[in-house]
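Remarks on the structure that follows.
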Protein chains: 2
Amino acid sequence: MSLTHIQSFVAVAEEGHVGRAARRLHLSQPPLSRHILSLEDELGAPLFERTPRGMRLLPAGEAFLTHARRILAEVDAAVHTVRGVAAGRPDDS
Amino acid sequence: MSLTHIQSFVAVAEEGHVGRAARRLHLSQPPLSRHILSLEDELGAPLFERTPRGMRLLPAGEAFLTHARRILAEVDAAVHTVRGVAAGRPDDS
DNA sequence: CGACATTACGTATCTCGTAACTATG
DNA sequence: CATAGTTACGAGATACGTAATGTCG
């Protein structure tokens, strides 16, 4: 599992379509589709239901989405905190 | 930044040596050293002070360590939650 | 057949490990 | 000169994009 896969998952969950999420991420559909499949494979469970209209979150996907957002937010916070501390600002982690 | 880099950082922070952390991660020194350098490059600030005895955390590194542990714990929680939900257990995220 | 996702496949990029190098007490 | 980290470099693994292939209403 990589941060890239997690970002891809969040984009697909929010857009409901692989194609639309791909445009948002400046990526083509196939790699993005592979990110999701690889994530599902690694977790051992499907996260989306495939419909002719696109991708709909399954309960496992909803659960993962909550954590995924927290992970990405934490990464962001880490970056900002380190830059702040390195610049001499007090640590607000 | 990747989860691998973050795991590498935590191992080096905890061991205080690249070489020892590399053994713990079943990796050789050079890739591990590169993970740290690449992290520092991406964050725009050094995280460790290099001493003849090994690596000592700088304040920016201490700040990053807190977040890094939180990120890895959150990833772990995500995996367990998804597996639980997929197995029909209620979501305790 | 239209609107999607997925698979095939070749190329570019990344990442590893071995070996060589650098630095410091 | 011993002990640490870093840089060079070639080989194997990854990940991209284009094109082809499902799949389902």
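These values consider heavy atoms only, across backbone and side chains, with no hydrogens, waters or symmetry-generated copies. Chain naming here is simple, since letters A, B, ... match the order of the sequence lines and numbering starts at 1 in each.
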B:Phe64: which residues meet the ring pair (Phe, Tyr, Trp, His ring centres under 6.0 Å) condition with it, sequence neighbours left out?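 With neighbours one apart ignored, the set is B:Phe9.
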Pairs meeting criterion side-chain hydrogen bond (donor to acceptor under 3.5 Å, both in side chains) with involvement of [range], two or more places apart:
range	value
residues 1-13 of chain A	A:Ser8-A:His35
residues 63-77 of chain A	A:Glu14-A:Arg69, A:His67-B:Glu74, A:His67-B:Thr81, A:Arg70-B:Glu74, A:Glu74-B:His67, A:Glu74-B:Arg70
residues 48-61 of chain A	A:Glu40-A:Arg50

Which parts of nucleotides 5-18 of chain D does protein reach within less than 4.0 Å, heavy atoms only, written one letter per nucleotide 5' to 3' as B for base, S for sugar-phosphate only and - for none? SSBBB------BBB
Contact interval (first through last nucleotide) of DNA chain C with protein chain B, 4.0 Å heavy-atom: C:dC16 to C:dG25
4.5 Å side-chain heavy-atom contact, [X] and [Y]:
X	Y	answer
A:Leu47	B:Val82	yes
B:Glu62	A:Asp91	no
B:Leu58	B:Phe48	no

